[in-house]
**Student:** 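Pasting a structure below so you can have a look.
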Protein chains: 2
Amino acid sequence: MARVTMADVAREAGVSTMTVSNVLNERLPVNEPTRARVMAAVAALGYEVNLTARHLRAGRTDTVAFIVPSFHDYFGEIADKIAPLIEADGRHLVLERTSASPEHEMAALSVARLQYYDGVLLSVAGLDRDQLDRVRTPKPIVLLGERDVPDRFNHVRLANEEGARLATAHMIEHGSRRILALGCTFDTAHMMSSDRRAGWERALRDAGLDVDARHVVPVSTYTSAAGRDALLDVIASGLPFDGVFAVTDVIALGAIAALAESGLRVPVDVQLAGFDNLDMANFVPPGLTSVDADHEGVAETAVGLLRRQMAGWTGPAEHVVAPVSLVVRGSTRGGA
Amino acid sequence: MARVTMADVAREAGVSTMTVSNVLNERLPVNEPTRARVMAAVAALGYEVNLTARHLRAGRTDTVAFIVPSFHDYFGEIADKIAPLIEADGRHLVLERTSASPEHEMAALSVARLQYYDGVLLSVAGLDRDQLDRVRTPKPIVLLGERDVPDRFNHVRLANEEGARLATAHMIEHGSRRILALGCTFDTAHMMSSDRRAGWERALRDAGLDVDARHVVPVSTYTSAAGRDALLDVIASGLPFDGVFAVTDVIALGAIAALAESGLRVPVDVQLAGFDNLDMANFVPPGLTSVDADHEGVAETAVGLLRRQMAGWTGPAEHVVAPVSLVVRGSTRGGA
DNA sequence: AAGCCGCATTTTATCGATAATATGACGGCA
DNA sequence: TGCCGTCATATTATCGATAAAATGCGGCTT
């Protein structure tokens, strides 16, 4: 089971290892008869290059990492969009996960691990600005996600506030007056949900409605189960409401379950809108109105920024806010 | 930006590189004063080990790959179960995807790429038995998935036929007589859907019902959209049915959409059951009855087999069939 | 006092490839 | 005939770490 090395191929073909290397990498020209002998030896021995050795010497892995909090849902969908873009450049995408804990995220960012990659896309979930500021890596890196990040990093995030405003305004326009912000929070440390709360709030103010703090309903985790439980608690408390803006589609799905269990009809009794426009939003009856985060566009932007850095660009970092739009479906009254 | 190497640390601490290595890896004992100087130098210079160099020399990466057809849904959920098990051994999990095409899968399996990992979990989607037989890798590897594989590979798959039988029998028991097999096929090359069709068929025969080939409804891809379209076609054709066994939950979700659009009530007019018991099955009203594939158990079994190989075991490969069970929810009439 | 042992540390060789440089053969030209 | 340039191929040095063997030194035995 001893691995076949370039030296074995060289011996078999009666040439030096450099000639083998030159044949395989087409760096220096090699005469046709020699090349043929080398190729024959490669085939006969079943030689394959040792990528680790190449990396150590040549400093290139042709591999890009996408580091995510979890492999689930949103990140899985984004990753499937990113992969073909990376592969189009002849590189390879791998996913790592951080469990959304700051320690894991720091570990994934340790310079040691980053060395395996030519570039890194990092979906920031657990790290705050100060922690990120401590990350000193010479590798090309692009951050994704709804946190505040140091200026020196390239960063792509969504128009969170605008998305939430759109969704909420749409429900107001179609008659809702007491709209819950499910999964939102006043805690500014968690930017995604506080930005989205801000958008919800702005829509209410724009419409001249007042903002009731009881309508901001936090969740324990960003899961459907937590969303359902939180909404069931609200229903049990008797607090009246006629609309729900869920901070993500995953939480909106939990809300759908809670409303169905409680006999509240969507959209007749309660309108509902989510955020992310996951694939399932199309199919869960009556169709989930959702803010479309344009995964495809986010993926292209992020990969574009990364590609530029990998090509040697060293200009100032960019901070892109990806536009959002509202996809209206049956869970709100504007739908067909 | 020149990287700090072990030699830099050694110079700073006034020792040899081997002493630095011994301090960091705790291989040979080092006197306390020396160790302290080394640690101080490491901290002062911000040294981090070069994992590529370590790999080349020591032949170990402490990394395991899970190679999947896509990052979506089922695979994302499984991966989230596998990751902690790998991490428990002090190793690291990364995901690669193959796009379910045989070429990509072969590329991911090329010995070259496998060298990056200490072990590989491969979810077989595109490769048939012959192609797999050509894969000659010295690395520990465990296959997952519903295909037929060569004996020499460790393999974990689900009790597909039994799961389909359970789901179908359950719907028969609660009154369905014409049950579609949505996403199933007679094509034996695709073992997952033909095995599940066999289970559906057996349940029908066990109940003394006859098997109507028109009830086997193929889908173009394993997506919700394809499931919905296929079922809408059936409905439009006028073929009567009162139950749907969907080959996966993702397809079942498409079926839910199609039924809702067509004004058919679940479970009153049509009962519906899926396969995989994805998280969303809990939340989509009225709750999706589904065959639970025991992700947790599958993950543990697969990682156990892999761990054994990585520890040096060379005994015969095992072929494990993971048991399944039916989780009854509101989409069938046995539910609460 | 010579010899031996255990311990801490250093030296040497190596993993497998490749960049940079060197060699050598051959043809052209004066 | 002798010198030079060109092209193909070979040598050498190196990437950064680590396994294995070597060194050196104080203490203990007899």
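These numbers come from a predicted model, not from an experiment. To find a chain, count down the sequence lines: A is the first, B the second, and so on, and within it residues start at 1.
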**Student:** Measure from the side-chain heavy atoms of Pro29(B) and tell me the nearest of dA8(C), dT18(D), dT9(D).
**Tutor:** dA8(C)
**Student:** Write down the distance between CG (Leu56(B)) and P (dT18(D)), rounded to a whole number of angstrom.
**Tutor:** 11 Å
**Student:** Please report the distance, rounded to the nearest Å, between CZ in Arg35(B) and P in dT9(C).
**Tutor:**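 Distance check: Arg35(B) CZ to dT9(C) P gives 11 Å.
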**Student:** Taking atom C1' of dT18(C) as reference, at what distance in whole Å does atom CG of Asn50(A) sit?
**Tutor:**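 Checked: the CG to C1' distance equals 13 Å.
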**Student:** Rounding to an integer number of Å, can you tell me how far Arg60(B) CZ sits from dA17(D) P?
**Tutor:**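 The distance from CZ of Arg60(B) to P of dA17(D) comes to 13 Å, rounded to the nearest Å.
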**Student:** Are Arg91(A) and Ile86(A) side-chain neighbours, meaning at least one heavy-atom pair lies under 4.5 Å?
**Tutor:** yes
**Student:** Can you tell me if Asn31(A) touches the phosphate of dA8(D), counting only side-chain N or O atoms and a distance under 4.0 Å to OP1 or OP2?
**Tutor:**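 Answer is yes, contact under 4.0 Å.
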**Student:** Less than 4.0 angstrom between a side-chain N/O of Thr17(B) and OP1 or OP2 of dT10(C), yes or no?
**Tutor:** no
**Student:** Please tell me which of the listed nucleotides, dT11(C), dT18(C), dA17(D), lies nearest to the side chain of Met18(B)?
**Tutor:** dT11(C)
**Student:** Atom CG of Asn22(A) to atom P of dG16(C): distance rounded to whole Å?
**Tutor:** 20 Å
**Student:** Between Glu96(A) and Tyr117(A), is there a side-chain donor-acceptor contact under 3.5 Å, judged purely by atom types and distance?
**Tutor:**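 Glu96(A) and Tyr117(A) do have a side-chain donor-acceptor pair below 3.5 Å.
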**Student:** Does a side-chain N or O of Ser21(A) approach OP1 or OP2 of dT18(C) to a distance below 4.0 Å, or not?
**Tutor:**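 Yes, Ser21(A) has a side-chain N/O under 4.0 Å of OP1/OP2 on dT18(C).
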**Student:** Do the non-hydrogen side-chain atoms of Leu24(A) and Tyr47(A) ever get within less than 4.5 Å of each other?
**Tutor:** yes
**Student:** Provide, to the nearest angstrom, the distance between the CG atom belonging to Leu24(A) and the P atom belonging to dT18(C).
**Tutor:** 8 Å
**Student:** Counting just side-chain N and O atoms, does Thr52(A) come under 4.0 Å of either OP1 or OP2 of dA17(C)?
**Tutor:** no
**Student:** I want to confirm an ordering. Mapping Ala53(A) and Arg27(B) to their closest nucleotides on DNA chain D, which one lands closer to the 5' end?
**Tutor:** Ala53(A)
**Student:** With heavy-atom distances below 4.5 Å as the criterion, would you say the side chains of Phe71(B) and Leu93(A) are in contact?
**Tutor:** yes
**Student:** Mind checking Thr19(B) for me? I need base, sugar-phosphate or nothing, with any heavy atom below 4.0 Å counting as a touch.
**Tutor:**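 It contacts base atoms.
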**Student:** Rounded to whole angstrom units, what separation is found between the CZ atom of Arg57(B) and the P atom of dT12(C)?
**Tutor:**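 Distance, rounded to whole Å: 16 Å.
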**Student:** Gly14(B) or Ala58(B): which one's nearest nucleotide on DNA chain C is closer to the 5' end?
**Tutor:**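 Upstream on the strand: Gly14(B).
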**Student:** Would you please confirm or rule out a distance under 4.0 Å between OP1 or OP2 of dT18(D) and any side-chain N or O of Asn25(B)?
**Tutor:**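 Yes.
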**Student:** With a 4.5 Å limit on heavy-atom distance, are the side chains of Arg54(A) and Asn25(A) in contact?
**Tutor:**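 Heavy-atom side-chain distance check passes, below 4.5 Å.
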**Student:** Can you figure out which of dT11(D), dT11(C), dT18(C) approaches the side chain of Ser16(A) most closely?
**Tutor:**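 Closest of the options to the side chain of Ser16(A): dT11(D).
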**Student:** Expressed as a whole number of angstroms, how long is the span from Leu51(A):CG to dA17(C):P?
**Tutor:**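 It is 9 Å, rounded to the nearest whole Å.
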**Student:** On the side chain of Arg54(B), is there an atom forming a donor-acceptor pair with the base of dT18(D) - under 3.5 Å, no angle test?
**Tutor:** no
